[in-house]
Each structure stands twice: as C-alpha cells, then as structure tokens.
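Below is one structure, written out as structure tokens; the observations come after it.
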Amino acid sequence: MIDPPGELERLCRELAAAAADRDRLAAELDRTRSELAAARSHVREVEALRSRMIETTPDCIKILSLDATVEWLSDSARDLFELDDLGAVVGMPWLDFWKDEHHDAAAAAVEAARAGTSGRFEGFCPTLKGKPRWWSVVVAPIEGPSGRPERLFAVTRDISTLKSQEAELRKRVELEQLFVATIGHELRNPLNAIVNQASALLEQCALPPQAAKALPAILWAGERAARLISNLLSYSELHLHGAVPLLRRPCDLGALAARVVDEVHAVLPGRHIEVWRDGDLVGPFDDVRLAQILGNLISNAVVHSPPGTPIAIRIAGRGGRVSIEVENGGPPIPGEDLAMLFEPLRRGEASAARARDGLGLGLFVCRALSEAHGGTIAVRSTPGATVFAVDLPLG
Amino acid sequence: MVNAGRPTRRRILVVDDDRDTIEVVADTLRFHGHEVATAHDGRAALAAVDAFEPEVVLLDLAMPIMDGFDLARRLRAERPRLVLVALSGYDDLETRRRAIEAGFDHHLIKPVRAAALRPILP
C-alpha cells in the first residue's frame, strides 16, 4: 500500500514530536524524582529534629484526643511521672490525673485548646509513685486539614523546685515581717515608759531649770523615735507587700489634727503651731495612718524651720475633697531636691539636712499613705514658705 | 485645742501587766483629776470592774492569763456602755481589726500621750 503524498513526512513529524514529548516527560519525571527525594530528606531531617527535641526537652509532651484521652506521650514521662510502662497511661482520661481546683484548671485549659486557642495553668499532681509535684502546663490545639482542632498537644514542665523556693521565700518574708513587727512592739514598750515618766515629771513636778529644759528635749526625742518606729513598720509593709492596708472608719480630720498638734505642743510648748479648719472634714479615713501623715509633716516642719517661726496647718473640705496643708517658714528647698523629696532613703541631700531628717522615710511614707487613701501629696517651696499639701477624696 | 481646760472627773480602770507603765499612767490620770483603779491581769480586772464600777477601762492588749481582746469581749457583753480603750504596741491592720471586733471604742498606740487620751474620755 502506497501512502498518499506527504503522509510519510507527517508521520515522521509526529514521531519526532512524540519523541520530544517523551524526552520532556522523562526530564520532568527526573525532576519530580529529585524533588521527591529532597522532600523525603527534608521530612527525615524534620523528623530527626522533632525526635531530638522531644528526647532532649526536660518537659513531657503528650498528644491527647479532643476528649482529652492520652494517645501518646514522650519518653521523658518515665522519669517525670515515675512511670515504668508508658503504655499503661495511653487510653486514660488525662483530666483524671488532676484533683480539685487543679482539675478545674486542667479542664479549662483543655476547653481553651478545643476552642482553638491555648490554655495554661500551674497545678499539683503527684507522680504515679506518689511523689508530690507541681507542674506548669500548656495545652494547645493540633489542627487538621480543615483548620479545625482535631487533637490536642500538652506540654508539662516540672516546677516543683520553683514552687518550694517560692514557699520558702514567702515563709522568710512572713518571718521578716513578724520580726520587724515584734521589734517595733518591743521598742514601743520601753519608749512608752520613758515618754510617760518624762511627761509626768514635766507636768506634775516643780522642776529645777536644767530639768525643765532637759525634759522637753527627752520628750521630743521620744516623739521622733515613736515616729521612726511607725515609719519603719509602714516601710516594711510597703517593701514586702507593696501597700499599707487601711482600716477606714468615720474620722473627723479637724479633731484629729487638733489632737496631733496637742501632742506636739506638749513636748514643744514654745513652738507656735496654728490649726485652721474649714468645711466638711468627716470622712472614711484610717485615723492611725492620717495621724501618722500629720505627725510626719509637722515634725518635718519643726525640723526644717527656725524655732521662732510659726507653723500653719490648714484643713479644708470642699466639693467632696479635703486638703491638708502644712506650712513652715524655713529656707526654700533647692529645685534639684524637690523631685527626690518623696523617695525613700534619699542620698542626694546635704549631710546636715539628712542628719536632721533621719532615714528620710517620713515623706515617702506620707506619699504612700496619701495614695492608699486615693489622694496625692505635693510640695511647693518659695523663700519664706514651704507648703506640703495632701489632697484626699472625702468619700 | 480639743477639750482644753479641766476635763470631767471620770472613774477609770487601767489594766496592764507592766507595773511601771500602769503606775505612771494612773498617776497622770489622777493628776488630771480622775478617780483611778489599777489591775495587772485580766482576772483581776474583772474583779476590779465589779468592785470599782469604772466608766472607762484602759486595757493593754498583750497580757497573761486573759489577753486584752478576751477581756474586752467579756466586758462589752456585760457592760455595753463602758468605754473601752486599747493600749497597744501594735498598730497593724490585723491587731486594730481584732480590737474593733472585740468591742474596743478606741485604739491608742504606745507611747500613749495625755493629749491622745483627753479627747476620748467621755
């Protein structure tokens, strides 16, 4: 049979094209094979890395089903949970390991992971052989191709050492506070005897001039020591707990100020201290702490102004707030010291001023106690007048 | 000044296990015109309240046999009109809260000055 003209040429062309297609497909197959080999190699590397990470991490890693049944757990569980046979735990409900409030926290973490976020908690759960252990736990979702959580991933870290260190630290802090409170109490008892005896002598006896001069000095030293003890105790509470707790009861600030000034007058009879009261001054204040603020500010005014100059205390209640101003006529406070005035244990001041002001706790405690009442404290100082102003909400 | 001038004469019982403190507080109150009795522990204080019929009791909180809190609770239950004043070296919140719960009307922190006593004597 003779092909029509050109048929042979067409067949040759098709054959050549088919050969070219075969070569192209063969090249593509080679490329795909090498990509597949590279992908397999990458998977092996990732798998090796994953295994290495799981082997080397001190944490226990678990895969849970969505209903929190244990499906798989890493080898570290043997040591962490004192578990001889990992298989014994597979298939168990993970939440059954947790009790009471720790069970609730674990259930909440599982719920969060089921919802697509992650849940974290710290919980107590003994090992299978009964050793007490604290754990830090993260539960996260493992999403399937649909993007929805299909299983859960739980990482458990042993924080028992950290917890016992925390407990030890807390115990030491409590002991320190008990120590400071006991010292304060023990110091106040003999101080009480000194102040009471000296007061009685000054008030009730006809004294020779030297004693009449010495006794107010003894009493003023007693006042300063009493204030120092109160400020140290407040500083200790602030240092350890970050706040001085208040016991608020209805309190008349005007009457309180008059009492504090009476106490100062009793030991500094020559000092002119005036109290000006105006408006509504009764509010839910902690009377002991406000007496401490006033005592500190008056003592500060006495120390930092010349003996013959007056000290004015102005207390005014208006618009739901009360302001307490304590003014003295001492030299102005340098601008660079103003910013540091309410900081504890100040070191920047001239040594003479520091020597008179003791530890520099008084104004720091005043600020903390004002803030605890929801108020503020500020100072303005010009030649002839330095004013400390406390502003408090009245309700 | 608050309550300046001579205060009203009151019958005051001072209870403290520290004999030095109690005597000087009692003397000071007597000097200011009050009638004063003393007791050194809770049990003696209960007897003194019955015998002396005070209007005001100044109580140290830390005492042997019966502490100031227990004594205050007893006195508050038996004599609601009695003015109870705590004298304490402790000014922490817990001690002050316990004192209020025990029925104290006032809580004075040592050292206690006459100026602090004057406004709270009825």
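First the proteins, then the strands, lettered A, B, ... as listed; each starts at 1. Any value given below was found using the heavy atoms of this structure, including those in side chains, with hydrogens, waters and symmetry copies removed.
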Less than 4.5 Å apart, any side-chain heavy atom of B:L84 and any of B:L75? yes
Select one option (side chain, backbone, both, neither) describing which atoms of A:V261 are under 4.5 Å from chain B's heavy atoms. neither
Looking only at A:V275, A:V260, A:D286, A:V244, most heavy-atom pairs under 4.5 Å shared with chain B are made by A:D286
Checking A:R259 against A:D262 for the salt bridge (charged side-chain N to carboxylate O under 4.0 Å, His left out) test, could you report, in this order, the C-alpha distance in whole Å, the side-chain angles of both residues, the deciding distance, and whether it holds? CA-CA 5 Å; A:R259 193 197 89 198; A:D262 273 4; over 6 Å; no
Roughly how far, to the nearest 0.5 Å, is NE2 of B:H107 from CG of A:D287? 10.0 Å
Taking the inter-plane angle between the rings of A:H373 and A:F285 on a 0 to 90° scale, is it parallel (under 30°), tilted (30 to 60°) or perpendicular (over 60°)? tilted
Are the side chains of A:R170 and A:V173 in contact, using a 4.5 Å heavy-atom criterion? no
Taking every heavy-atom pair that is under 4.5 Å apart, which of A:A200, A:A193, A:P245 has the most such pairs with chain B? A:P245
Under 6.0 Å from the six-membered ring centre of B:F69 and within 45° of its axis: does the NZ or CZ of B:R98 meet both? yes
When the 4.5 angstrom heavy-atom criterion is applied to A:L191 and chain B, the contacting part is both
Please look at A:I229 and chain B and tell me whether the side chain, the backbone, both or neither of the residue comes under 4.5 angstrom of a heavy atom of that chain. neither
As an exercise: rank B:D91, B:D18, B:I100, B:D60 by heavy-atom pairs under 4.5 Å with chain A and give me the winner. B:D91
Part of A:A266 lying under 4.5 Å from any heavy atom of chain B: neither
